[in-house]
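Structure, as structure tokens:
The figures that follow rest on heavy atoms only: side chains count, while hydrogens, waters and symmetry mates do not.
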Amino acid sequence: MHNDSSSDEEDDRRNLVDQNHRKPPSPSPAAVFHVEDRSPRFFRRNFIYQKKYIVTILAFLLVILFFSVANFHSVFSSSSFQFDSVTDRMKESELRAINLLRRQQLGLLIAWNTTRRSNASDPNQLEDLKSALFKQISLNQEIQQVLLNPHSMGNIVEPEFDLNATLNGVVYDRCRTVDQNLSQRRTIQWNPRDGKFLLAICVSGQMSNHLICLEKHIFFAALLNRALVIPSSKVDYRYDRVVDIDRINKCLGKKVVFSFEEFSNIKKGHMHIDKFLCYFSKPTPCYLDDEWLKKLGGLGVTMNKQEAVWDEDTRNPKNKTAQDVLGKFNYDDDVMAIGDVFYAEVEPEWVMQPGGPIAHQCKTLIEPNHLISLTAQRFIQTFLGRNFIALHFRRHGFLKFCNAKKPSCFYPIPQAADCIMRVVERADAPIVYLSTDAAESETGLLQSLVVLNGRPVPLVMRPARNSAEKWDALLYRHGLEGDTQVEAMLDKTICAMSSVFIGAPGSTFTEDILRLRRGWGSASICDEYLCHGEEPDIVAENE
């Protein structure tokens, strides 16, 4: 510690008395009776002393006067500033209140017009009306708060002006999630018999069709008490890159699904289909052609002749029950195949319920693999945020497909934009994720038309890979980047995680997203197909 000894020594030196200092000589007696000097020198010296005193006193008085005036000015200025500040705050609050009242007026007019043209039996219109009224009550509460703000004293609020008590804590979410009624879920146990297999065969359409086909095969396997064999990637998609197959076994706590390679090892290369019973007889047995059967043979699979168990056409499938299936397909042979069942309609409500028809410990059995799910979460955190709408806007090849239906499901861009804006307003979401195969000319026009209250609503698509962005690093590191099926499943996963989803009617891509949303509990009462309930305002003639 530093000792400040120098200052102590200085004080000592100042206080010491020099012992050797001589006192001045005492005045002589004559000097005592000396007459006072009145010379001009004496007066001059005395005047100088008095002048110093006067200057000192004047300087002191000036300092006091300066600080007194400054303090008075500050007090006056502060009072004036506070008065002006309160006045300005009141003016600002009044202007904000007027703006909010205009918004409330517009909202009430919209609600009024809705009631005039609404159908009392339509639950969606009733929900819209409830939402509009709740928004206006909340807006009225905000207006009151704005007007009260200039008069508030700290955090003290008079009881009669306590606005938090107005709604009694009620929060009305127009686009809340659907109550899945999981307690009412109807399920069956999947208990495969030893050595009994069902070979899944899916050939119809793209990956979404194949996943739906796989889901129906799972139901058939559970009904027939058989383990399911996943198709080989040599004749089908690489399912392991898109969905987590082994997770199905974990969800059931037992081995119920086998890869084709595992099945081949169990059979030691001697793979034979003992019963090849076709669910569909038309347009071709089992909905298979000779070329695909040759590919299956190329894997070392031998088979007996295909047999149709009933007259069933993929173009007009009939509803079947579980008992119907058991009556036609319940055999004791080791290995069975029933062909493609994508179009099969067996207990559709049971199969499509949240979580599916099988009893298990997970939310849903067929899910995106973990890397895709994490990548979707990272994309949402980077670009979208929690509250966003997802839109599946299918266009490529959809014009001819939709126009073959009555009514058509292909909408002009301006009409589609109007439908999207209604959902945006209903969901009160600031951004839309766009999953589409549309050309840039169509997406650009759509973006220019999706405007709500004078503000464009951003339509966000997944950007091309950029090394500066890390949201997709997991796919890149694990060699999944650039795989079109992985990217399609990533799109599905992002859509399934949205607050509200707008789907493309007639698209199996959309149906798979809706399946995930039901299973994950993210389905919203505002989910709908694009322009649901409307017909296109113009439809081109057929060829």
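Heavy-atom contacts from other residues, nucleotides or ligands closer than 6.0 Å to NZ of K254 number more than 12. Heavy atoms from other residues, nucleotides or ligands lying under 6.0 Å from OH of Y476 number 12 at most. The local environment of CG in D290 is sparse, with at most 12 non-hydrogen atoms from other residues, nucleotides or ligands closer than 6.0 Å. Atom NZ of K318 has more than 12 neighbouring heavy atoms from other residues, nucleotides or ligands inside a 6.0 Å radius. For Q381, the CD atom sits in a loose shell: 12 or fewer heavy atoms of surrounding residues, nucleotides or ligands are nearer than 6.0 Å. Counting non-hydrogen atoms of neighbouring residues, nucleotides and ligands closer than 6.0 angstrom, the NZ atom of K267 exceeds 12 such neighbours.
A cation-pi arrangement is present between R395 and F410, with the terminal nitrogen or guanidinium carbon under 6.0 Å from the aromatic centre and inside a 45° cone about the axis. For K305 and F276, the positive end is not near the middle of the six-membered ring at less than 6.0 Å and at most 45° from its axis. A cation-pi arrangement is not found for R378 relative to W471, the charged atom failing to lie both closer than 6.0 Å to the ring centre and inside a 45° cone about the ring normal. Remark: K320 qualifies as a cation-pi partner of W310 under the 6.0 Å distance and 45° angle criteria applied to the six-membered ring.
A416 and C531 get closest at one heavy-atom pair: CA-SG, 4.1 Å. The minimum heavy-atom distance linking K492 with S208 is given by the pair NZ-OG, 2.7 Å. Across every non-hydrogen atom of N209 and G205, the tightest pair is ND2-CA, 3.8 Å. Taking each heavy atom of L516 and P368 in turn, the nearest pair found is CD2-CD, 4.0 Å. Across all their heavy atoms, V346 and A322 have their closest contact at CG1-N, 4.4 Å. In terms of heavy atoms, V242 sits closest to I372 at O-CD1, 3.7 Å.
Side chain of T436 to backbone of F393: a donor-acceptor contact under 3.5 angstrom is found. Between the side chain of S435 and the main chain of L391, no donor-acceptor pair closer than 3.5 Å is present. Judged by distance alone, the side chain of E307 and the main-chain N or O of C278 form no donor-acceptor pair under 3.5 Å. Remark: side-chain polar atoms of Q447 are paired, donor with acceptor, to backbone N or O of V457 under 3.5 angstrom. Using modelled atom types, no side-chain atom of D340 and backbone atom of C202 make a donor-acceptor pair closer than 3.5 Å. Side-chain atoms of S281 never come within 3.5 Å of backbone atoms of P285 as a donor-acceptor pair (strictly under, hydrogens ignored). Judged by distance alone, the side chain of T321 and the main-chain N or O of D324 form a donor-acceptor pair under 3.5 Å. In terms of modelled atom types and a separation under 3.5 Å, the side chain of N225 and the main chain of P192 share no donor-acceptor contact. In terms of modelled atom types and a separation under 3.5 Å, the side chain of R518 and the main chain of P354 share no donor-acceptor contact. The closest donor-acceptor contact from the side chain of E347 to the backbone of W350 lies at 3.5 Å or more, if one exists at all.
Salt-bridge annotation for K282 and D311: present, with a side-chain N of the basic residue lying under 4.0 Å from a carboxylate O of the acidic one. Looking at K255 and E262, a side-chain N of the basic residue comes within less than 4.0 Å of a carboxylate O on the acidic one, giving a salt bridge. The existence of a salt bridge linking E535 and K406 is excluded, since no basic side-chain nitrogen approaches an acidic carboxylate oxygen closer than 4.0 Å.
Summarising the geometry, atom CE belonging to M207 is positioned 10.0 Å from atom CZ belonging to R241; distances are rounded to the nearest 0.5 Å. The structure places NE2 of H478 at 5.0 Å from CG of L371, a figure rounded to the nearest 0.5 Å. Atom CG in L474 sits 5.0 Å away from atom CZ in R477 (nearest 0.5 Å). To the nearest 0.5 Å, the span separating CE on M489 from CG on D483 amounts to 11.0 Å. With rounding to the nearest 0.5 angstrom, the SG atom of C175 is 7.5 Å from the CD1 atom of I389. To the nearest 0.5 Å, atom NZ of residue K328 and atom CD1 of residue I338 are 14.5 Å apart.
Judged by distance alone, the side chains of Q206 and Y237 do bring a donor and an acceptor atom under 3.5 Å apart. Using a 3.5 Å distance cut-off with no hydrogens or angles, the side chains of Y343 and D313 do not pair a donor with an acceptor. Residues T302 and H272 have side chains that bring a donor and an acceptor to within less than 3.5 angstrom of each other.
Just one of F220, W190, F258 meets the side-chain contact (heavy atoms from CB on, under 4.5 Å) condition when paired with L228; it is W190. H392 pairs with exactly one of F501, F509, Y529, F398 by the ring-ring contact (aromatic ring centres under 6.0 Å, His included) rule, that one being F509.
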>> Using side chain to side chain donor-acceptor pair (under 3.5 Å), reason through N387 and S499 one step at a time and then give a plain yes or no.
In response: CA-CA 6 Å; N387 184 27; S499 303; 3.2 Å; yes
> H370 and D244: side chain to side chain donor-acceptor pair (under 3.5 Å), yes or no, with the steps?
Replying inline: CA-CA 7 Å; H370 189 55; D244 191 345; over 6 Å; no
> Given K400 and N542, is the side chain to side chain donor-acceptor pair (under 3.5 Å) satisfied, shown in steps?
Replying inline: CA-CA 8 Å; K400 184 176 180 179; N542 291 325; over 6 Å; no
>> For V301 and F263: C-alpha separation, side-chain torsions, deciding distance, then whether side-chain contact (heavy atoms from CB on, under 4.5 Å) applies.
In response: CA-CA 11 Å; V301 178; F263 173 68; 5.7 Å; no
>> The test is side-chain contact (heavy atoms from CB on, under 4.5 Å); show your working for R394 and H396 and say whether it passes.
In response: CA-CA 6 Å; R394 182 177 173 184; H396 181 70; 6.0 Å; no
>> Go through it in stages, so that I can follow the logic: the residues are R515 and M352, the test is side-chain contact (heavy atoms from CB on, under 4.5 Å), and I'd like the CA-CA distance, side-chain angles, deciding distance and then a yes or no.
In response: CA-CA 7 Å; R515 177 189 64 83; M352 294 178 64; over 6 Å; no
>> Go through it in stages, so that I can follow the logic: the residues are K196 and D332, the test is salt bridge (Lys or Arg N to Asp or Glu O under 4.0 Å), and I'd like the CA-CA distance, side-chain angles, deciding distance and then a yes or no.
In response: CA-CA 8 Å; K196 307 301 179 183; D332 199 43; 3.8 Å; yes
>> If you apply the rule side-chain contact (heavy atoms from CB on, under 4.5 Å), what do you find for I273 with L296, and how did you get there?
In response: CA-CA 11 Å; I273 300 176; L296 190 61; 4.1 Å; yes
>> With side chain to side chain donor-acceptor pair (under 3.5 Å) as the criterion, how do D491 and Y433 come out once you've worked through the C-alpha distance, each side chain's angles and the decisive distance to 0.1 Å?
In response: CA-CA 9 Å; D491 257 14; Y433 177 68; 2.4 Å; yes
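Taking the six-membered ring where tryptophan is involved, the planes of Y279 and F329 are essentially parallel, since the angle between them stays under 30° and well short of 60°. Ring geometry, F383 versus F379: the interplanar angle falls from 30° to 60°, so the pair is classed tilted.
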